[in-house]
Amino acid sequence: MLIMIAGPYKSNTDDPNQWHKNLSLLNRAALSVLRKGHTPIIGVNMALPIIAEAGESEYRSIMMPLSLGLAKRCDAILRIGGDSAGADQEVELVKSIGGKVFYSLEDIPNLD
């Protein structure tokens, strides 16, 4: 399955150190999903290089449109972490297209 990893990145903080910690959590979850035999995708990882080229002022116009566009193509989503309106939007989108929603890594089946 193509599984999006959704969770907070900048939600509720202006602290770049917290953004880094949040991204690390997303990436660690993606590694676990990969080890289960699935293909993980993280919207933030797709968007950040583009935002870097466009400039930070373009963050809002790039982040969620790109993340939601990716979510439309996923078979499932893993929701991790705390409050995040963006991650919740991704979950709702995946649900609306009939995708599976996982709230824990243990719920994702291993492909053997």
Side-chain angles (χ1 to χ4, degrees):
M1 284 187 283
L2 180 61
I3 301 176
M4 177 168 264
I5 314 303
Y9 174 61
K10 280 191 174 183
S11 298
N12 305 317
T13 184
D14 291 328
D15 179 6
N17 290 323
Q18 187 61 50
W19 303 343
H20 179 74
K21 288 177 186 174
N22 290 343
L23 187 55
S24 181
L25 289 172
L26 292 165
N27 287 327
R28 278 184 279 169
L31 178 58
S32 295
V33 167
L34 181 68
R35 287 181 172 156
K36 286 179 166 276
H38 302 282
T39 303
I41 190 162
I42 301 170
V44 175
N45 283 342
M46 180 68 80
L48 288 179
I50 298 168
I51 293 166
E53 287 298 318
E56 187 64 27
S57 65
E58 297 292 323
Y59 181 89
R60 289 189 185 273
S61 68
I62 295 172
M63 181 60 72
M64 284 314 299
L66 186 60
S67 289
L68 292 171
L70 291 170
K72 287 179 191 174
R73 289 158 178 80
C74 291
D75 304 303
I77 191 163
L78 171 62
R79 176 63 165 92
I80 64 168
D83 294 340
S84 171
D88 292 341
Q89 283 181 301
E90 293 163 353
V91 167
E92 290 306 313
L93 179 57
V94 170
K95 272 190 205 177
S96 77
I97 61 172
K100 297 177 182 179
V101 178
F102 300 108
Y103 293 97
S104 116
L105 285 165
E106 293 74 30
D107 294 335
I108 298 172
N110 288 316
L111 295 182
D112 293 321

Tell me every residue that passes side chain to side chain donor-acceptor pair (under 3.5 Å) with [X], counting only those two or more places apart in sequence or in another chain.
X	value
Ser32	none
Asn27	Asn45
Glu53	none
Gln89	none

CE (Met46) with more than 12 external heavy atoms under 6.0 Å: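 12 or below, so no.
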
Determine whether more than 12 heavy atoms belonging to other residues, nucleotides or ligands lie under 6.0 Å from atom CG of Asp83.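 No, not enclosed.
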
Can you list every pair that meets salt bridge (Lys or Arg N to Asp or Glu O under 4.0 Å) and has a residue in residues 87-102, with sequence neighbours left out?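 Residue pairs passing salt bridge (Lys or Arg N to Asp or Glu O under 4.0 Å), neighbours aside: Arg79-Asp88, Glu92-Lys95.
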
Sub-3.5 Å donor-acceptor pair from the side chain of Ser96 to the main-chain atoms of Leu93, do we have one?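 Between the backbone of Leu93 and the side chain of Ser96 there is a qualifying donor-acceptor contact (under 3.5 Å).
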
Between the side chain of His38 and the main-chain N/O of Pro109, is any donor-acceptor distance below 3.5 Å?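 Flag set: sc His38 to bb Pro109 pair under 3.5 Å.
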
Shortest non-hydrogen separation from [X] to [Y] and the atoms involved:
X	Y	value
Leu70	Gly43	CD1-CA, 3.9 Å
Pro8	Leu26	O-CD1, 4.1 Å
Met1	Ala76	SD-CB, 4.1 Å
Ala54	Ile62	CB-CD1, 3.7 Å
Ile80	Leu25	CD1-O, 3.7 Å
Ser84	Gly7	OG-O, 3.9 Å

Do [X] and [Y] have side chains that approach each other closer than 4.5 Å (heavy atoms only, starting at C-beta)?
X	Y	result
Met63	Leu48	yes
Glu58	Ile51	no
Leu105	Val33	yes
Tyr103	Val91	yes
Cys74	Leu2	yes

Can you tell me how far [atom2] of [Y] sits from [atom1] of [X], rounded to the nearest 0.5 angstrom?
X	Y	atom1	atom2	result
Ile41	Thr39	CD1	OG1	9.0 Å
Ile50	Leu66	CD1	CG	5.0 Å
Ile77	Ile108	CD1	CD1	10.5 Å

Test of understanding: with side-chain contact (heavy atoms from CB on, under 4.5 Å), list the residues that count as partners of Arg35, not counting sequence neighbours.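 Arg35 satisfies side-chain contact (heavy atoms from CB on, under 4.5 Å) with Leu31 only.
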
Should the ring pair Tyr9 and Tyr59 be called parallel, tilted or perpendicular, given that the plane angle runs from 0 to 90° and is split at 30 and 60?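 Parallel.
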
